[in-house]
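Just so you know, these numbers come straight off a predicted model, no measurement behind them. Numbering of residues begins at 1 and proceeds along the displayed sequence.
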Amino acid sequence: MPPDGSLALEVSQVSRRFGALQALDQVTIKVARQQIHALLGPNGAGKTTLLRIVTGLLQPDSGEVTAAGVAAGPDSREYRKAIAMVPSGDRTFYLRISGLENLAFFARLDGRNRRDSLQRARKCLEAVGLTEAADRRVGVYSHGMQKRLAMARALLGSPSVLVVDEATHDLDPEGARRIRALVVQAAERGAAVLWATQRLEEVKGFAQVVTVLRSGRVRFSGSVPELLATVELRRFLLRVRTGSNVPPTADQLAAALAQRGSVQATPDVEHFIVTLEDEVLLGDVMNDLGAHGIQVVACQEERSQLEEAFLRLTGDGEQA
């Protein structure tokens with residue numbers, strides 16, 4: 001279901017400094033209802049500071065944050081009710097009591113009576129597929145089950161905004177898939193989702209909008225296709241050989257390319273990483289190599305277009 005266009009979360013010109021460190025500088029992010037908005041950035045980019053401000057755990061030096069039309073503030077109960085978070089860690093539950101008891105406890109903290117808390121806890125456990133484990137101690141839950149329990153806790157109050165912090169970084173592929181599916185379901189029910197991650201591969205086909213932070217500033221904000229359009233792939237892994245089936249040397253490849261690109265050898269003598277100069281077409285490089293008796297047996301992107309875009313925006317585009 002596409003986003004309905006109405007804003008549920010708005011971060012406007014938010015800045016925050018810690019001593020000499022400018023952690024955030026005039027950051028603006030808007031997330032619509034039913035939208036998954038991915039937040040990317042290298043370590044130290046300001047993601048954690050931004051999430052703490054969005055969830056009301058930290059106050060900005062300047063700027064404003066609103067959720068469901070309610071402004072954030074140190075004493076804003078209505079704001080806290082509008083937003084929920086799935087943290088990156090899993091040590092946020094009482095391990096000696098059951099999943100059901102944990103959720104019922106957190107529901108009581110939210111002001112529900114005992115009966116309503118138990119009913120809501122059971123419903124949320126069912127939503128994340130933990131009904132059969134409801135009466136087990138959380139201490140015996142697997143890591144993936146604890147992540148799903150964290151999702152269930154976030155859903156207790158049917159939040160307008162769901163903030164998810166690195167929820168899949170240490171899960172196996174199936175566990176990560178289940179968490180993403182739960183997030184998609186939450187968005188389909190109307191929540192705006194701010195999804196912080198460093199797993200680039202899960203953004204494509206999952207998030208509708210991406211914001212890239214670097215050094216506390218927004219370097220990019222737009223759709224995934226728009227992000228991919230910021231770069232043209234320039235690095236390729238080539239498997240080559242000569243007519244006599246003898247692998248060429250890096251110097252031979254460099255001579256064949258002239259000034260069209262640079263060549264980097266790999267431990268496998270048949271494979272080389274070729275970085276093209278601006279405006280150089282891959283087809284022209286193939287022709288040049290062929291003219292020098294070097295046959296290209298295979299060619300593939302040395303890293304994905306999404307990774308290339310991320311590294312260029314965050315200033316690490318020259319790294320391997």
Practice problem: Work out which heavy atom in Gln59 is nearest to a heavy atom in Arg16; give both atom names and the distance. | Solution: O-NH1, 2.5 Å
Self-check item: Any side-chain heavy-atom pair of Thr266 and Ile273 under 4.5 Å
Solution: yes
Practice problem: Dump the intermediate steps for side-chain contact (heavy atoms from CB on, under 4.5 Å) on Arg189 and Leu155, then the final yes or no. | Solution: CA-CA 11 Å; Arg189 288 193 293 267; Leu155 299 177; 3.6 Å; yes
Practice problem: Please name the pair of heavy atoms, one in His37 and one in Thr211, separated by the smallest distance, quoted to 0.1 Å. | Solution: NE2-OG1, 2.7 Å
Quiz prompt | Heavy-atom closest contact (Gly99 atom, Leu125 atom, distance) | solution = C-CD1, 4.4 Å
Quiz prompt | Minimum-distance pair of heavy atoms, taken over all atoms of Ala71 and Ser76 | solution = O-OG, 3.5 Å
Quiz prompt | Gap separating the OG atom of Ser98 from the CZ atom of Arg136, nearest 0.5 angstrom | solution = 11.5 Å
Quiz item: Charged N to carboxylate O under 4.0 angstrom, Glu174 versus Arg177?
Solution: yes
Quiz item: Given the rule that I, L, V, M, F, W and Y join up when any side-chain heavy atoms are under 4.5 Å apart, are Leu57 and Phe106 in one cluster?
Solution: no
Quiz prompt | ILVMFWY network linking Val269 to Val296, side-chain heavy atoms under 4.5 angstrom | solution = no
Quiz item: With side chains defined as the heavy atoms from C-beta onward, is the minimum distance between Asp165 and Lys47 less than 4.5 Å?
Solution: no
Practice problem: Please step through side-chain contact (heavy atoms from CB on, under 4.5 Å) for the pair Leu289 and Leu238, ending with a clear verdict. | Solution: CA-CA 11 Å; Leu289 293 176; Leu238 303 184; 4.0 Å; yes
Quiz item: Counting distance only, does the side-chain N/O of Arg178 pair as donor-acceptor with the main-chain N or O of Gly144 below 3.5 Å?
Solution: no
Quiz item: Is the backbone of Gly69 close enough, under 3.5 Å, to the side chain of Thr66 for a donor and an acceptor to pair up by distance?
Solution: no
Quiz item: Backbone N or O of Gln26 within a donor-acceptor pair of the Ser15 side chain at under 3.5 Å?
Solution: yes
Self-check item: Reported CD-to-OG1 distance for the pair Glu64 and Thr28, which is rounded to 0.5 angstrom
Solution: 11.0 Å
Quiz item: Could you walk me through whether Leu130 and Met145 pass the side-chain contact (heavy atoms from CB on, under 4.5 Å) check?
Solution: CA-CA 8 Å; Leu130 288 177; Met145 291 171 67; 4.0 Å; yes
Quiz prompt | Separation of Leu103 CG from Ile97 CD1 (nearest 0.5 Å) | solution = 9.5 Å
Quiz item: How many angstroms lie between CG in Asn102 and CD in Gln146, if you round to the nearest 0.5 Å?
Solution: 9.0 Å
Quiz item: Do the non-hydrogen side-chain atoms of Val263 and Asp251 ever get within less than 4.5 Å of each other?
Solution: no
Practice problem: State plainly whether one hydrophobic cluster holds both Val209 and Phe206, where clusters connect Ile, Leu, Val, Met, Phe, Trp and Tyr through side-chain heavy atoms under 4.5 angstrom apart. | Solution: no
Quiz item: Same cluster or not: are Leu156 and Leu109 linked, directly or through other Ile, Leu, Val, Met, Phe, Trp or Tyr residues, by side-chain heavy atoms under 4.5 angstrom apart?
Solution: yes
Quiz item: Taking the hydrophobic residues Ile, Leu, Val, Met, Phe, Trp and Tyr, and joining any pair whose side-chain heavy atoms are under 4.5 Å apart, which ones share a cluster with Ile83?
Solution: Leu9, Val11, Val14, Phe18, Leu24, Val27, Ile29, Val31, Leu39, Leu50, Leu51, Ile53, Val54, Leu58, Val65, Val70, Tyr79, Met85, Val161, Val163, Leu194, Leu213, Val218
Quiz item: Could you state the interatomic distance from NZ (Lys147) to CD (Glu166), rounded to the nearest 0.5 Å?
Solution: 8.5 Å
Quiz item: Under the 3.5 angstrom rule, does the side chain of Arg108 hit a backbone N or O of Gly111 as a donor-acceptor pair?
Solution: no
Quiz item: Does a sphere of radius 6.0 Å around CD in Gln13 hold more than 12 heavy atoms from other residues, nucleotides or ligands, not counting ones at 6.0 Å or beyond?
Solution: yes
Quiz item: Got Pro248 and His292 here, is their nearest side-chain heavy-atom distance under 4.5 Å?
Solution: no
Practice problem: With side-chain contact (heavy atoms from CB on, under 4.5 Å) as the test, would you mind laying out the steps for Trp195 and Arg180 before giving the verdict? | Solution: CA-CA 10 Å; Trp195 173 277; Arg180 287 194 296 271; 4.0 Å; yes
Practice problem: Please report the closest heavy-atom contact between Val224 and Ala207, naming both atoms and the distance. | Solution: CG2-O, 3.6 Å
Quiz prompt | Test item: Arg96 side-chain N/O and Arg137 main-chain N/O as donor-acceptor pair under 3.5 Å | solution = no
Self-check item: Gap between atom CZ of Arg239 and atom SG of Cys299 - 0.5 Å precision
Solution: 13.0 Å
Self-check item: Check: Phe220 and Glu226 side chains under 4.5 Å, non-hydrogen atoms
Solution: yes
Practice problem: May I ask you to test the Arg148-Ile179 pair for a side-chain heavy-atom distance under 4.5 Å? | Solution: yes
Quiz prompt | Close side-chain approach of Thr314 and Arg219, heavy atoms under 4.5 Å | solution = no
Quiz item: For Ala121 and Ala104, which heavy atoms make the closest approach, and how far apart are they?
Solution: CB-N, 3.8 Å
Quiz item: Do any N or O atoms from the side chain of Arg122 and from the backbone of Thr131 form a donor-acceptor pair under 3.5 angstrom?
Solution: no
Practice problem: Verify, without hydrogens or angle tests, whether Gln208 (side chain) and Ile36 (backbone) share a donor-acceptor contact under 3.5 angstrom. | Solution: yes
